[in-house]
Participant: 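Okay, handing you the structure first.
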Amino acid sequence: MNNHKYMTVGELAKKMGTTVRTLQFYDQKGLLHPSSESEGGRRLYTYQDMILLHQIQSLKSLGFTLDDIKNRIEVLDTPQKVEHALHQQEVMIEEKIKQLQNTLSAIKALKIEVNQMQTVDFKKYADIIVNLQMDNEYYWLIKHFDNETLEHIRQQFDKDSGQEFIQRFHQLNEDILKLKAKHLPPEDEQVQQMTGRFWNLIMEFTQGDMSLLPRLMKFDHLTDAQNQEWIQKQNEVNDYLKPALEIYFQKLGYNPFEGE
């Protein structure tokens, strides 16, 4: 036997930054068996075992359980299999990096929002965190809502329905701005149809609670420096729809904003 081909369990542990106890545990679990034994009964490992251990450590760092790892590790007896194993680890690590970057961005964004809030409000913090996790680009609006509006949102929407509503709202705003770019007057049939869509979406959100309308229709008081583009766009939509809504309400025979 060529002793230079083998490492003791202690030597492997030292090279790979782990412990003898861990390697013994992996042996018991069937993850990594020693390739040989010395005449004195010492467990011996090869450099191929070292590569296999690297697979195990990488998968473990990505959050896989030992049972998951056992089903994923490959016998690395050809260059192609080694390349395939490394490619799989590369893909999983890149995905993990992406998740960590998203988490870091969310934490930084939350820190900015918290610094802009005047009082400690853990329920509102929680709302912001949930929306950050949903990749809701409008999460920053939450700090501007009062408790009554936030409670209404919590009761009406879950993650999926909230995302779906936000997507429809965003698309509607884009459609309205396209009409504005064509300089169509408020009485134009296309504008009135779009106004009806807008109002129906507002009614869907409020569920007929007229007390919520003034809070939803006014965005000119917002001052977020990082979100001025969105604020300006929303004000543009509201200003364009204001005369169209008056005509729309005249046709309906009532004005929900009267007395506001």
Side-chain angles (χ1 to χ4, degrees), residues 1-115 120 122-123 125-137 139-140 142 158-160 162-163 226:
M1 179 178 68
N2 184 354
N3 290 327
H4 294 293
K5 292 174 56 180
Y6 294 93
M7 292 170 280
T8 66
V9 64
E11 289 171 338
L12 178 60
K14 184 176 181 179
K15 286 180 181 291
M16 297 301 290
T18 187
T19 65
V20 171
R21 184 184 296 272
T22 297
L23 295 180
Q24 292 172 340
F25 181 68
Y26 288 166
D27 185 12
Q28 295 171 5
K29 288 290 185 179
L31 287 169
L32 180 65
H33 297 302
S35 292
S36 185
E37 284 189 5
S38 69
E39 294 179 359
R42 301 178 70 185
R43 301 179 182 196
L44 300 175
Y45 294 85
T46 65
Y47 284 100
Q48 183 175 340
D49 296 328
M50 181 187 288
I51 299 300
L52 190 59
L53 176 58
H54 179 260
Q55 279 192 82
I56 296 169
Q57 291 175 324
S58 296
L59 291 170
K60 192 171 184 295
S61 72
L62 292 171
F64 290 100
T65 66
L66 294 183
D67 287 338
D68 290 333
I69 294 172
K70 190 173 182 179
N71 294 326
R72 285 176 176 267
I73 56 177
E74 301 181 33
V75 177
L76 305 176
D77 53 4
T78 68
Q80 290 75 22
K81 288 184 179 179
V82 174
E83 190 278 333
H84 178 68
L86 291 174
H87 175 70
Q88 285 188 315
Q89 290 180 41
E90 178 185 10
V91 171
M92 288 185 288
I93 290 172
E94 287 178 346
E95 180 61 29
K96 186 69 172 182
I97 290 173
K98 181 179 178 181
Q99 292 173 0
L100 290 172
Q101 288 176 333
N102 290 339
T103 300
L104 179 60
S105 297
I107 290 173
K108 288 182 177 180
L110 178 59
K111 185 173 72 172
I112 292 172
E113 300 305 324
V114 168
N115 286 335
V120 176
F122 288 105
K123 199 169 186 180
Y125 295 167
D127 287 325
I128 293 174
I129 290 172
V130 168
N131 278 270
L132 285 170
Q133 292 174 337
M134 290 165 53
D135 293 327
N136 177 6
E137 62 180 300
Y139 68 87
W140 56 273
I142 290 172
D158 57 20
K159 178 178 178 179
D160 292 335
Q163 285 181 315
Q226 294 184 336

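Computed from heavy atoms alone, side chains included, the values below leave out hydrogens, waters and symmetry copies.
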Participant: Flag the pair Y47 / K15 as yes when at least one side-chain heavy-atom distance between them is below 4.5 Å, and no otherwise.
Facilitator: yes
Participant: So, for Y45 and P34, which heavy atoms are closest and what is the spacing to 0.1 Å?
Facilitator: CE2-CA, 3.5 Å
Participant: Would you check if there is a donor-acceptor pair between the side chains of S58 and S61 at a distance under 3.5 Å?
Facilitator: no
Participant: About how many Å separate CD of Q28 and NE2 of H33, when rounded to the nearest 0.5 Å?
Facilitator: 10.5 Å
Participant: Working to the nearest 0.5 Å, report the span between NZ of K5 and OG1 of T46.
Facilitator: 8.5 Å
Participant: Go through it in stages, so that I can follow the logic: the residues are K60 and I69, the test is side chain to side chain contact (heavy atoms under 4.5 Å, CB included), and I'd like the CA-CA distance, side-chain angles, deciding distance and then a yes or no.
Facilitator: CA-CA 7 Å; K60 192 171 184 295; I69 294 172; 3.9 Å; yes
Participant: Does M50 form a side chain to side chain contact (heavy atoms under 4.5 Å, CB included) with L12? I'd like the steps, not just the answer.
Facilitator: CA-CA 7 Å; M50 181 187 288; L12 178 60; 4.0 Å; yes
Participant: Is E11 reaching over with its side chain to a backbone N or O of T8, donor-acceptor style, under 3.5 angstrom?
Facilitator: yes
Participant: Going by the rule side-chain hydrogen bond (donor to acceptor under 3.5 Å, both in side chains), which residues pair with S35 if we only count those two or more places apart in sequence or in a different chain?
Facilitator: D49
Participant: Can you tell me how far CG of L59 sits from CG of L31, rounded to the nearest 0.5 angstrom?
Facilitator: 10.0 Å
Participant: Could you report the tightest heavy-atom contact between K29 and L66, atom names first, then the distance?
Facilitator: CG-CD1, 4.4 Å
Participant: Is the backbone of G17 close enough, under 3.5 Å, to the side chain of Q57 for a donor and an acceptor to pair up by distance?
Facilitator: no
Participant: Could you grab the distance from atom CE of M16 to atom CG of L53, nearest 0.5 Å is fine?
Facilitator: 4.5 Å
Participant: Ignoring hydrogens, what is the shortest heavy-atom contact between D27 and R43? Give both atom names and the distance.
Facilitator: OD2-NH1, 2.7 Å
Participant: Could you tell me the separation between the CD1 atom of I56 and the CG atom of L32, rounded to the nearest 0.5 Å?
Facilitator: 5.0 Å
